[in-house]
Amino acid sequence: MTGEIDWGKLSFTYIKTDYNVRCYYRDGKWGELEISSSESINLHMAATCLHYGQEAFEGLKAFKGKDGKVRIFRMADNAKRMQDTADGILMQRVPDEIFLNACIKAVQLNSRFVPPYESGAALYIRPLLIGSGPKVGVSPADEYLFMVFVTPVGPYFKEGFKCTNLMITRQHDRAAPNGTGPYKVGGNYAASLGSGKIAKEKGYSAVLYLDSREKKYIDECGPANFFGIKNNTYITPESKSILPSITNKSLLQLAQDMGMKTERRQVPLEELETFEEVGACGTAAVISPIGRIDDLDTGKQYLISKNGEPGPTCVKLYNKLRAIQYGDEPDAHGWTTIVSE
Ligand SMILES: *Cc1c(COP(=O)(O)O)cnc(C)c1O
């Protein structure tokens, strides 16, 4: 059946695989991991995830190397981030052991869906934590469901590593100051669907959000962090309302390894015109280089790349991180976990 999948042409869509893994929190404790071949879950109609947004997710990838080994990238970091999210919206934390075992099992049980090395594709891993216990009054659930499913996803850049454009608008916010911005919850995505649709309709790849209190500083893109490069320095915003991207953290480390300076600080909007290179980063694309940013409210355009080609630092960082993920280069920081030979 997987013989029918054209790995190189896959996009970011759901494809059914063989198994998913589930674990229930009931009566004050987590149960055993369960393996399921069903794509459905049985859920109480008053579950808190349906009414009060008790929902957290993660996204990470497994890669098949030239050596045939399958590696999962930085999953311990995703486990930690899901725990932080759980704390943030009063859900039960998923212990490391359960999170890591569930990811490994989900990949191993679906090994025939891990795309071959040559395709440039990967197996996307989606952990999900939801309040499953019933409540009508607003309060956290007593029961939780943690599950992990996987789906193969194609190479992000099918026509090569190319720039896309972003738009800025002050008419929509993604996350409130002191709100749920730093947590990976569905609610932040619900808040960004409207502006994301406008961006797509106008031909932009995403919205670049400003801080929602003052609209003075750069926050992040809808589903990806922001970074800029200038004077041999990797600069990424410090903000209480952005999601701490694991890709961003990795690029920051790699930039240091390459002898660059790094800064995590507030980035005023005006600084945009001083960057030599700009990128959006996240698990989906690693780096999505940015060519131009249009401020729709003021009409100002920030032209970053004159020819639509990514700059040399973006190319270097992108190639380096991908090489570690696929096992082409040594994993000096211990980021990958080999889950099959
Ligand atoms: C998941 C996510 C990112 C990217 O995080 P990675 O760990 O690099 O995949 C960035 N911003 C938001 C809002 C996210 O939800």
Side-chain angles (χ1 to χ4, degrees), residues 12 53 55-63 71-86 88-89 99-100 103 122-129 148 150-151 153 156 164 166 172-177 179-196 199 205-212 217-228 234 236-255 264 267 278-290 314 317-318 320-322 324-325 333 335-337:
F12 197 78
E55 185 271 349
F57 68 98
E58 275 299 331
L60 60 164
K61 280 178 175 174
F63 305 85
R71 293 168 175 81
I72 305 182
F73 187 70
R74 300 198 80 165
M75 65 174 170
D77 292 72
N78 293 90
K80 167 76 171 64
R81 190 168 67 187
M82 184 172 255
Q83 291 164 0
D84 292 343
T85 298
I89 58 168
F99 186 98
L100 304 179
C103 289
L123 188 69
Y124 184 73
I125 307 169
R126 170 53 64 87
L128 180 72
L129 173 64
V148 178
V150 297
T151 193
V153 293
Y156 196 87
T164 62
L166 299 177
H172 302 266
D173 293 318
R174 187 192 77 93
T180 54
Y183 308 126
K184 209 165 176 77
V185 296
N188 294 337
Y189 281 79
S192 70
L193 286 176
S195 45
S205 61
V207 175
L208 177 59
Y209 292 96
L210 303 178
D211 80 278
S212 34
Y217 303 99
I218 295 171
D219 246 11
E220 66 169 322
C221 305
N225 276 186
F226 171 97
F227 68 87
Y234 181 101
T236 193
E238 169 99 77
S239 160
K240 279 200 298 185
S241 52
I242 65 181
L243 197 279
S245 154
I246 294 162
T247 311
N248 195 8
K249 194 164 75 166
S250 308
L251 294 173
L252 205 123
Q253 179 64 56
L254 294 179
R264 205 189 269 278
V267 179
V278 162
C281 62
T283 294
V286 175
I287 290 175
S288 189
I290 305 305
C314 280
L317 286 170
Y318 175 78
K320 182 75 186 177
L321 188 54
R322 298 255 305 171
I324 294 170
Q325 290 175 328
H333 298 285
W335 286 340
T336 60
T337 307

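Read the numbers this way: they start at 1 and go in the same order the structure lists the ligands and their atoms. Values reported hereafter were calculated over all heavy atoms of this structure, with side chains retained and with hydrogens, waters and symmetry mates removed.
- A centroid separation of less than 6.0 Å is found between the aromatic rings of Y234 and F227.
- Applying the 4.0 Å criterion to heavy atoms of N225 picks out, from ligand 1, the atoms 10 (C), 11 (N).
- Counting atoms of ligand 1 from 1 in the listed order, those under 4.0 Å from a heavy atom of R81 are 5 (O), 6 (P), 7 (O).
- Looking at ligand 1, you won't find any N or O of N248 less than 3.5 Å from one of its N or O atoms.
- The distance from ligand 1 to the heavy atoms of Y189 drops below 4.0 Å at these ligand atoms: 2 (C), 12 (C), 13 (C), 14 (C), 15 (O).
- The side-chain contact (heavy atoms from CB on, under 4.5 Å) with N248 is formed by just one residue from the set E220, Q253, R264; it is R264.
- Taking a cut-off of under 4.0 Å to the non-hydrogen atoms of E220, the atoms of ligand 1 that pass are 10 (C), 11 (N), 12 (C), 13 (C).
- Taking the six-membered ring wherever Trp is involved, the centroid distance between the rings of Y189 and F57 falls below 6.0 Å.
- The shortest distance between side-chain heavy atoms of Y156 and V286 does not fall below 4.5 Å.
- Between the side chain of K61 and the main chain of T283, a donor-acceptor pair closer than 3.5 Å is present.
- Considering P223, G282, P244 only, the shortest heavy-atom separation from atom 10 (C) of ligand 1 involves P223.
- Contact atoms of ligand 1 toward R174: 13 (C) (distance under 4.0 Å to a heavy atom of the residue).
- In terms of N/O distances under 3.5 Å, ligand 1 is approached by K184.
- In terms of protein heavy atoms, atom 9 (O) of ligand 1 is closest to T283 OG1, 2.5 Å.
- Checked against W335 for a side-chain contact (heavy atoms from CB on, under 4.5 Å), the options D77, I72, L321 give a single hit: L321.
- Within the structure, the closest approach of C221 to ligand 1 does not fall below 4.0 Å when heavy atoms are considered.
- One side chain, S195 or Y209, offers a donor N or O that lies under 3.5 Å from an acceptor on the other.
- Both the backbone and the side chain of S245 come within 4.0 Å of ligand 1, judged by heavy-atom distances.
- Under the 4.5 Å side-chain criterion, counting only non-hydrogen atoms from C-beta, L60 is not in contact with F73.
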